[in-house]
Participant: 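Sending over a structure as structure tokens; questions will come in a sec.
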Amino acid sequence: MSGDHSHNEDQIDCGSRVNDSHKHKDKYKEKEHKHKDHKKDKEREKTRHGNSDYKDFSDKKHRDKEKEKMKHKDGSTDKYKDKHKEKRKDQKMKSLDGKVKKEKENGFASPQHLKSEPEDDFYHSPKHDKSLKRERDDDNDSEFKPKKIKTENDKKVKKRKQEDENMKSKKTKKQKGEVTDGKKKAKKEPEEKWKWWEEERYTDGVKWKFLEHKGPVFAPPYEPLPSHVKFYYDGKQMKLSPEAEEVATFFAKMLDHEYTTKDIFRKNFFKDWRKEMTGEEKAIITDLKKCNFVEMSDYFKAQSEARKAMTKEEKLKIKEENERVLQEYGFCIMDNHKERIANFRIEPPGLFRGRGDHPKMGMLKRRIRPQDIIINCSKDSKHPEPPPGTKWKEVRHDNKVTWLVSWTENIQGSIKYIMLNPSSRIKGEKDWQKYETARRLKKCVDNIRNQYREDWKSKEMRIRQRAVALYFIDKLALRAGNEKEEGETADTVGCCSLRVEHIKLHPESDGQEYVVEFDFLGKDSIRYYNKVPVEKRVFKNLQLFMENKEPDDDLFDRLNTSILNKHLQELMDGLTAKVFRTYNASITLQQQLKQLTNSEENIPAKILSYNRANRAVAILCNHQRAPPKTFEKSMQNLQTKIDAKRDQLSDAKRELKSAKADAKVRKDEKSKKAVETKKKAVQRIEEQLMKLEVQATDREENKQIALGTSKLNYLDPRISVAWCKKWGIPVEKIYNKTQREKFAWAIDMADEDFEF
DNA sequence: CGGACGACTTAGCAGAAAAAAA
DNA sequence: TTTTTTTCTGCTAAGTCGTCCG
């Protein structure tokens, strides 16, 4: 239990988060651009959180101003990080200390590395692989190791045994093994749920030995519009070339979306659209405002109506076709097991929609063709054939990576991949591993915390910055905050990239001392707003970091994620900034469950407690969502139900009363019985009422909170499984089907006394 | 040795599907 | 049934982090 110390408590209450944007309007309004050298000053409006009043930080603008050097009392050299900002300004001070830690190679962030040797033959015979199979994370998990048979009913035990047996034989022959061993091939059923978690893992960076798949499913080709659907330019009908028409339809489909009204979106779209036009078209179409896409738009709306109105036979047919495609392309064979592929369909062309104020919104995301595609599979598999008359860009055989297909996307120039489903071995192992790393952090987090507190006093500025940043990451679960290239993406930040303008210091606020007010846009342009009291030393340090800086200067000018992670790596093997999020999320869930679950309560009430614990985590991690469009209405409906139930309750009470009176007079068995019945009715209704009220509360509290992200990515599923087992709650109440597939390993291995 | 790049995880949302209500 | 509401799934953008390379 080294992990749960008071500090955790803080996680739950780590500041007063206010989601409501209004409170904050005007905030940045005033700043004016002293240097308006910035190209992007234009309208960047709000994100949904702030709506237009959240006048954004647009002006980070001139981060180009040359920053003068501020001197820091500790005399260390100058800033370390102006870098990317002004396009690599020039100064590159290097930090004088070079702690370079050797890095670990294999993908498993755990100790014990075995050097990966060059290895020229990927497909060496199954026979001699192995030997070192490393068990999941060294320490402590012996408890979850393959099977110790817990007392279960015979049937189960038997089955287990048999499985063990299988396993054994499999192990010896490993890969080769069951291809032959069973006619299972015949039947669809993948040999009844493969328990990969009971097998050994690769240790040397090899991700698989055999991989075969059918390649991607391409987006359907463009179907030209019927001739009665016209496009008008400047009032005059105009027939577009197929290429130009296709791009026009992308715009037409988004016509009622608000971003077709945004300047950047329109400008980017128009520019890319023109590239698709023929010479004549280009000559004529020079102003987007004169384009009339209404008929096209109406046509698509009609189409979608028609689709909805299809008969069920037609719908069924489509469904069957989809199923067929899924069966054919949705699976691959990896090391003798059939595994589900996550995204086997290539992204269709369209207009790029970034999140937040994205400088590239509206650009044309081009169609991906076979010649853009790289196929990855094993040499000894039959690789997928490109569609007739086309070629793949490349077919490679790299078993050090997990992807099956990749291509380069044209908006940011990044690579996209087709990979396996979360239920696959390859994803599951990694996920499991992630939680094991977080559990290792639990063991040393106290030391780490003591150390960073010490570091607040360091005389080296870089150390202090690092220590304060780490404190934020730990206490507030902030993301690391890599630097981003300006102008390529929306302006968002994480811990290391916070700027002075993102925090405000209040020596005293609402009766608390040393309060820091955070307000910035994080991943996906989700606003993070929080007011949190910090320790005095932290506060003083922040004042120091902010001295002589402009609002758009980096708060931690001598820190970046790579420095921070290098440091963390020294504190614990495999430790990086994001491990803190995982750790704090999971430990918070565990502790909240402990605290909130009331053994007396019934299942729905316990589930409510679970949701509350989950919610505490979501709040910690700032997982927000847009309130559902129908939220108000659905709240109202619920309220109506509650009112109705209330009336029903008072009626029932009235009846009970009269029954009592009646019984008093009559004193016969029958009337007594009637009283009992009424009493029961009242009770039942009270219970129902309570349930509704609880539901209303739950829903209201959840208005802007998204529970899914934490459940899927941050909470060790074994905590939830153990909780379910402990209280006799069916896991289906907590995890739906896909989630159960993803967490099959946890459901299988955790028992009720699992401790994170 | 820092920055670009590659691989992989994490994220919210829109639309489909399922469930509940009418 | 059909319609409405809720839940789930697919999609793909946007992060993190390690490594490769000039």
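This is a predicted model, so every value here is computed, not measured. Chain A is the first sequence line, chain B the second, and so forth, proteins listed ahead of strands; every chain is numbered from 1.
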Participant: From CD of A/E429 over to C1' of B/dA7, roughly how many Å is that when rounded to an integer?
Facilitator: 17 Å
Participant: Grab the CG-P distance between A/N713 and C/dA14 for me, whole Å please.
Facilitator: 17 Å
Participant: Less than 4.0 angstrom from a charged side-chain N to a carboxylate O is my criterion; do A/R324 and A/E320 meet it?
Facilitator: no
Participant: Between B/dC8, C/dT12, C/dT5, which nucleotide has the shortest distance from any of its atoms to the side chain of A/K207?
Facilitator: B/dC8
Participant: State plainly whether the residues A/E429 and A/R425 are in salt-bridge range, i.e. N to O under 4.0 Å.
Facilitator: yes
Participant: Does OP1 or OP2 of C/dA14 have a side-chain N or O of A/S414 closer than 4.0 Å?
Facilitator: no
Participant: Should A/N343 be listed as having a side-chain N or O under 4.0 Å from OP1 or OP2 of C/dG10?
Facilitator: no
Participant: Pick base, sugar-phosphate or nothing for A/R581, based on heavy-atom distances below 4.0 Å to the nucleic acid.
Facilitator: sugar-phosphate
Participant: Any donor-acceptor pair, under 3.5 Å, between the side chain of A/K523 and the base of B/dT10, if you only look at N and O atoms?
Facilitator: yes
Participant: What contact category does A/K365 fall into here, base, sugar-phosphate, or nothing, at under 4.0 angstrom with non-hydrogen atoms?
Facilitator: sugar-phosphate
Participant: For C/dC17 and A/T576 - does any side-chain N or O of the residue sit under 4.0 Å from the phosphate oxygens OP1/OP2?
Facilitator: yes
Participant: Give a yes or no on whether a salt bridge exists between A/D524 and A/R355, defined as a side-chain N under 4.0 angstrom from a carboxylate O.
Facilitator: yes
Participant: Nearest to the A/K578 side chain among C/dC17, C/dT5, C/dA14, which nucleotide is it?
Facilitator: C/dC17
Participant: Please tell me if A/K416 has a side-chain N or O lying less than 4.0 Å from either OP1 or OP2 of C/dA13.
Facilitator: yes
Participant: Look at A/K319 and B/dA16 and indicate whether a side-chain polar atom (N or O) is within less than 4.0 Å of OP1 or OP2.
Facilitator: no
Participant: Describe, in one word, how the ring planes of A/F352 and A/H358 are oriented to each other, choosing from parallel (under 30°), tilted (30 to 60°) and perpendicular (over 60°).
Facilitator: perpendicular
Participant: Where each residue is assigned the nucleotide of DNA chain C containing its nearest heavy atom, which of A/A342 and A/G522 is assigned the position nearer the 5′ end?
Facilitator: A/A342
Participant: Rounded to whole angstrom units, what separation is found between the CG atom of A/L316 and the C1' atom of B/dA17?
Facilitator: 14 Å
Participant: Which nucleotide, B/dG6, C/dG10, B/dG12, lies nearest any side-chain atom of A/I415?
Facilitator: B/dG6
Participant: Mind calculating the distance between NZ (A/K633) and C1' (C/dT5) to the nearest angstrom?
Facilitator: 8 Å
Participant: Within the structure shown, what part of the strands sits under 4.0 Å from A/T492 by heavy-atom distance: base, sugar-phosphate, or nothing?
Facilitator: sugar-phosphate
Participant: Between A/R355 and A/R699, name the one whose nearest nucleotide on DNA chain C is closer to the 5' end.
Facilitator: A/R699
Participant: What is the distance, rounded to the nearest whole Å, between atom CZ of A/R625 and atom C1' of C/dT9?
Facilitator: 16 Å
Participant: Report which part of the nucleic acid A/A577 touches: base, sugar-phosphate, or nothing (heavy-atom distance under 4.0 Å, all strands).
Facilitator: sugar-phosphate
Participant: Round to the nearest Å and state the distance from A/L564 atom CG to C/dT16 atom P.
Facilitator: 11 Å
Participant: Counting heavy atoms from C-beta on, name the nucleotide in C/dA14, C/dG15, B/dT9 closest to the side chain of A/K484.
Facilitator: C/dG15
Participant: Which part of the nucleic acid, if any, lies within contact of A/K308, taking any heavy atom under 4.0 Å across all strands shown: a base, the sugar-phosphate backbone alone, or nothing?
Facilitator: nothing
Participant: On the nucleotide B/dC8, are OP1 or OP2 found under 4.0 Å from the side-chain N or O atoms that A/K430 carries?
Facilitator: no
Participant: Across the strands shown, which category fits A/P348 at heavy-atom distances under 4.0 angstrom: base, sugar-phosphate, nothing?
Facilitator: sugar-phosphate
Participant: Just checking A/S406: base, sugar-phosphate only, or nothing, at a heavy-atom cut-off of under 4.0 Å?
Facilitator: nothing
Participant: Provide, to the nearest angstrom, the distance between the CE atom belonging to A/M419 and the P atom belonging to B/dG6.
Facilitator: 13 Å
Participant: Across the strands shown, which category fits A/T738 at heavy-atom distances under 4.0 angstrom: base, sugar-phosphate, nothing?
Facilitator: sugar-phosphate
Participant: Considering only NZ, NE, NH1 and NH2 on the basic side and carboxylate oxygens on the acidic side, decide whether A/D557 and A/R462 come within less than 4.0 Å.
Facilitator: no
Participant: Just to be sure I understand the rule, does A/G494 reach a base, reach only the sugar-phosphate, or reach nothing, if contact means heavy atoms closer than 4.0 Å?
Facilitator: nothing
Participant: For A/K629 and B/dG12, what is the distance between atoms NZ and C1' respectively, to the nearest whole Å?
Facilitator: 12 Å
Participant: Base, sugar-phosphate alone, or nothing: which one does A/Y714 contact when heavy atoms must sit under 4.0 Å apart?
Facilitator: sugar-phosphate
Participant: Does a nitrogen or oxygen in the side chain of A/N736 sit under 4.0 Å from OP1 or OP2 of C/dT9?
Facilitator: yes
Participant: Need to verify one output field. Residue with the more 5' nearest nucleotide on DNA chain B, A/A706 or A/R396?
Facilitator: A/R396
Participant: If you look at every strand shown and take non-hydrogen atoms under 4.0 Å, does A/G708 touch a base, only sugar-phosphate, or nothing?
Facilitator: nothing
Participant: Is A/N565 touching bases, backbone alone, or none of the nucleic acid, heavy atoms closer than 4.0 Å?
Facilitator: sugar-phosphate
Participant: Counting N and O atoms only, with roles assigned by atom type, does the side chain of A/N560 sit under 3.5 Å from a partner on the main chain of A/C496, one being a donor and the other an acceptor?
Facilitator: no
Participant: Does B/dA11 have OP1 or OP2 under 4.0 Å away from a side-chain N or O of A/H623?
Facilitator: yes
Participant: Counting any heavy atom closer than 4.0 Å, what does A/R479 reach on the DNA or RNA strands: base, sugar-phosphate only, or nothing?
Facilitator: sugar-phosphate
Participant: Is the shortest side-chain N to carboxylate O distance from A/K703 to A/E632 below 4.0 Å?
Facilitator: yes
Participant: Between A/R307 and A/T402, who's closer to the 5' end of DNA chain B by nearest nucleotide?
Facilitator: A/T402
Participant: For the residue pair A/K691 / A/Q688, report whether a side-chain donor-acceptor contact shorter than 3.5 Å exists.
Facilitator: no
Participant: Identify which nucleotide among C/dC17, C/dC11, C/dG15 has an atom closest to any side-chain atom of A/R345, counting heavy atoms from C-beta outward.
Facilitator: C/dC11
